[in-house]
Amino acid sequence: MIIAIDGPAASGKGTISKRLAAHYGLRHLDTGLLYRAVAKAVLDAGRSPDDSAAAMAATFGLDPARYDEAALKTAAVGSAASVVSAFPQVRDALLAFQRDFAAHAAGAVLDGRDIGTVICPDAEVKIFVTATPEVRAGRRAAEYRGQGHDVDDAAVLADIRARDERDTGRAAAPLKQAADAHLLDTTDLDIDAAIRAAIDIVEATRAGRGRG
Ligand code: DC
């Protein structure tokens, strides 16, 4: 079974994907980490994320195991990832790796922005996870505070809105709900309730297919 999870930043899709993968015994790929690794390599090389040549060089030299997750999960790397991911050549170069991961016989959970629309359009289950920008910004701010950072709430909200605009507005594989994806709005849900809702969607989808 392939489960495709898409959604904007801080929607809860990462946590939901990890927990779904554990629940069903599937491997999980956080595809955002690929774009983040490209962005980090560009920044480390002293280049700007909107430098397409630097982004391409970083993509071709990419070693996904090079950085630990903490180094990739910073606000600066997230914003830069949103910029480098708009280059169609970067997306094309990362496509095969993601499809190979999904093609594993046991199935997989992949999360990102274009999993249900581009990477795995035939996934058995597609879930589009969302929440209001204010609630997502609140979660991000709490996460940064938990890491001991000083946080400017207005700046976090502005960053979330800017990322939404870039990720949904780009020409190449923009963030959007696939026509056959289930919408999961986590605005009023805590993480346990969101995971229960996601499992319910998977179970209902499988049962529906079983009957058909
Ligand atoms: O999910 P994330 O916040 O780690 O993703 C960082 C950026 O990477 C996001 O703003 C857009 C880009 N991205 C993408 O374009 N396509 C994906 N499948 C995953 C992430």
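Atoms within a ligand are numbered from 1 in the order they appear, just like the ligands themselves. Please read all numbers here as calculations on a predicted model, not as lab measurements.
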Query - Contacts of type salt bridge (Lys or Arg N to Asp or Glu O under 4.0 Å), residue Asp50, not counting sequence neighbours - result: none
Query raised in the report: Any idea which residues sit under 4.0 Å from ligand 1, heavy-atom distances?
Result: Lys13, Thr31, Gly32, Tyr35, Arg36, Ala81, Ser82, Ser85, Arg91, Gly112, Arg113, Asp114, Arg163, Asp167, Arg170
Report task. Could you please spell out the steps behind the side chain to side chain contact (heavy atoms under 4.5 Å, CB included) verdict for Arg166 and Arg170? Result -> CA-CA 6 Å; Arg166 265 200 306 267; Arg170 68 183 178 218; over 6 Å; no
Report task. Identify the residue among Thr130, Ile16, Thr15, Val135 that makes a side chain to side chain contact (heavy atoms under 4.5 Å, CB included) with Thr186. Result -> Ile16
Query - Donor-acceptor contact present, side-chain Asp6 to main-chain Asp114, <3.5 Å - result: yes
Query - Residues Tyr35, Arg91; criterion side chain to side chain contact (heavy atoms under 4.5 Å, CB included); working and verdict - result: CA-CA 9 Å; Tyr35 295 96; Arg91 308 198 68 83; 3.3 Å; yes
Query - Cation-pi, Phe101 ring and Arg27 (6.0 angstrom, 45 degrees) - result: yes
